S.K.: 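Before I ask anything, let me first share the structure, which is written out below as structure tokens.
All residue numbers refer to positions in the sequence shown, counting from 1. Side-chain atoms are counted along with the backbone in the values below, which use heavy atoms only and exclude waters and symmetry mates. Bear in mind that the values here come from a model prediction, so they are computed numbers and not experimental data.
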Amino acid sequence: MYSVNFLIPVVVLVGVIGYWASRRSTSRYIGDPAVEANARLTGYAAVVLLLPLAAEVVTGARPGLLAHALLGFFLVPPVLLKLGSVGYRFARYYLRDPRYRAGGPPDLAMRLLGPVLVLLTVTLFATGIELWLFGFAFGNEWLIWHKASFVLWFLAMTVHVAAYARRAPALALADSRDPVKGAFERRSLVVGSLLFGIALVIAMLPFASPFTLLPDVG
């Protein structure tokens, strides 16, 4: 109870920071089709990830290690899609592509948070997959790293979600109002990533994970 009472104001604080960052954002799009298409793909991926990530947080808080692990596998392909979309924009911007430079950078706070969030996301999923495949075969440290990365990831993600809560849905709906070339391909990528996630879950179902058989792992 003490930890929950401590966590609530922390989550509220980081949410306020994210909202503040969204209000100060200088990022804008100037109508270039390639830049806009990349932004819309990122928006699609962000929206479809929201509910599964929330479910992953809930199942990670206990009970259901099996549900938590399988949700994690389901999330891997769409998470990779979003990281790829954001990473492409990042690369084009810092390689000085004039179209992406003209779009302007995100707010400084979000630029600083971005690499941290990517690192935490990779760490969180990598440690979770290691635990599913090998349990404690390579030491208990993997569980410690998984839990620690989850706490930090959750706080960073709260800021990120609050910062883009208004913009991501608008980007995801933009093709319905004002289609840009490649709308079908963007939607297909997102749907394909979800189907790939389902296939990954089905592939993992018969796997006798040593982690789920270990006592007191939660």
S.K.: Count I, L, V, M, F, W, Y as connected when their side-chain heavy atoms are under 4.5 Å apart, and connections chain through other members. Are V161 and V86 then in the same cluster?
M.R.: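 No; tracing contacts between hydrophobic side chains, which count when under 4.5 Å, never links both residues.
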
S.K.: Does F74 form a side chain to side chain contact (heavy atoms under 4.5 Å, CB included) with L70? I'd like the steps, not just the answer.
M.R.: CA-CA 6 Å; F74 170 74; L70 293 179; over 6 Å; no

S.K.: How far apart are the closest heavy atoms of I202 and P206, and which atoms are they?
M.R.: O-CD, 3.3 Å

S.K.: Mind checking whether V191 and L173 sit in one hydrophobic cluster, side chains of I, L, V, M, F, W, Y counted as touching below 4.5 Å?
M.R.: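 No, no single cluster joins them.
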
S.K.: For residues L133 and L80: do they belong to one hydrophobic cluster (side chain heavy atoms under 4.5 Å, members Ile, Leu, Val, Met, Phe, Trp, Tyr)?
M.R.: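 Yes: a chain of side-chain contacts under 4.5 Å links L133 to L80.
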
S.K.: Quick check against the 3.5 Å criterion: does R40 have a side-chain atom that pairs as donor or acceptor with the backbone of L171?
M.R.: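 Checked: no pair found.
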
S.K.: With N38 as reference, evaluate L41, T42, V35 under the side-chain contact (heavy atoms from CB on, under 4.5 Å) test and give the passing residue.
M.R.: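 Answer to the side-chain contact (heavy atoms from CB on, under 4.5 Å) test with N38 among L41, T42, V35: T42.
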
S.K.: Going by the side-chain hydrogen bond (donor to acceptor under 3.5 Å, both in side chains) test, which pairs reach into residues 125-143, not counting sequence neighbours?
M.R.: T127-H146

S.K.: Okay, side chain of R101, backbone of L95: is any donor-acceptor separation there less than 3.5 Å?
M.R.: no

S.K.: Looking at R187 and S176, what are the two nearest heavy atoms and their distance?
M.R.: NH2-OG, 3.7 Å

S.K.: Just verifying a value: how many Å separate I129 CD1 and F73 CZ, rounded to the nearest 0.5 Å?
M.R.: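 Here the rounded value is 5.5 Å.
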
S.K.: Looking only at the side chains, is there a donor atom on one of D175 and Y44 sitting less than 3.5 Å from an acceptor on the other?
M.R.: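 Their side chains do contain a donor-acceptor pair, which is all the 3.5 Å distance test asks for.
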
S.K.: Would you check, one step at a time, whether the test side chain to side chain contact (heavy atoms under 4.5 Å, CB included) holds for V57 with M157?
M.R.: CA-CA 11 Å; V57 170; M157 182 58 72; over 6 Å; no

S.K.: Please report the C-alpha distance between F196 and V76 in whole Å, then the side-chain angles of each, then the deciding distance to 0.1 Å, and finally whether the side chain to side chain contact (heavy atoms under 4.5 Å, CB included) criterion is met.
M.R.: CA-CA 9 Å; F196 191 15; V76 167; over 6 Å; no

S.K.: When hydrophobic residues are tied together by side-chain contacts of less than 4.5 Å, even through go-betweens, does F138 share a cluster with L131?
M.R.: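 Yes, because F138 and L131 connect within a single hydrophobic cluster, where side-chain heavy atoms sit under 4.5 Å apart.
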
S.K.: Given the rule that I, L, V, M, F, W and Y join up when any side-chain heavy atoms are under 4.5 Å apart, are F150 and L50 in one cluster?
M.R.: yes

S.K.: To the closest 0.5 Å, what do you measure between OG (S193) and NZ (K82)?
M.R.: 12.5 Å

S.K.: Work out which heavy atom in P169 is nearest to a heavy atom in R166; give both atom names and the distance.
M.R.: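 Nearest heavy atoms, P169 then R166: CD-O, 3.6 Å.
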
S.K.: Donor-acceptor pair, distance only, cut-off 3.5 Å: does the side chain of S85 make one with the backbone of L81?
M.R.: no

S.K.: Would you please test F125 and W153 for side chain to side chain contact (heavy atoms under 4.5 Å, CB included) and show each step?
M.R.: CA-CA 11 Å; F125 278 86; W153 172 88; 5.6 Å; no

S.K.: Roughly how far apart are F184 CZ and R186 CZ, rounded to 0.5 Å?
M.R.: 12.0 Å

S.K.: I'd like to know whether CZ of R96 has more than 12 heavy-atom contacts from other residues, nucleotides or ligands below 6.0 angstrom.
M.R.: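 Open: at most 12 neighbouring heavy atoms sit under 6.0 Å from CZ of R96.
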
S.K.: Going by side-chain contact (heavy atoms from CB on, under 4.5 Å), S149 matches just one of I144, L124, V122, L119. Which one?
M.R.: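 So, applying the side-chain contact (heavy atoms from CB on, under 4.5 Å) to S149 and each of I144, L124, V122, L119, only L124 qualifies.
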
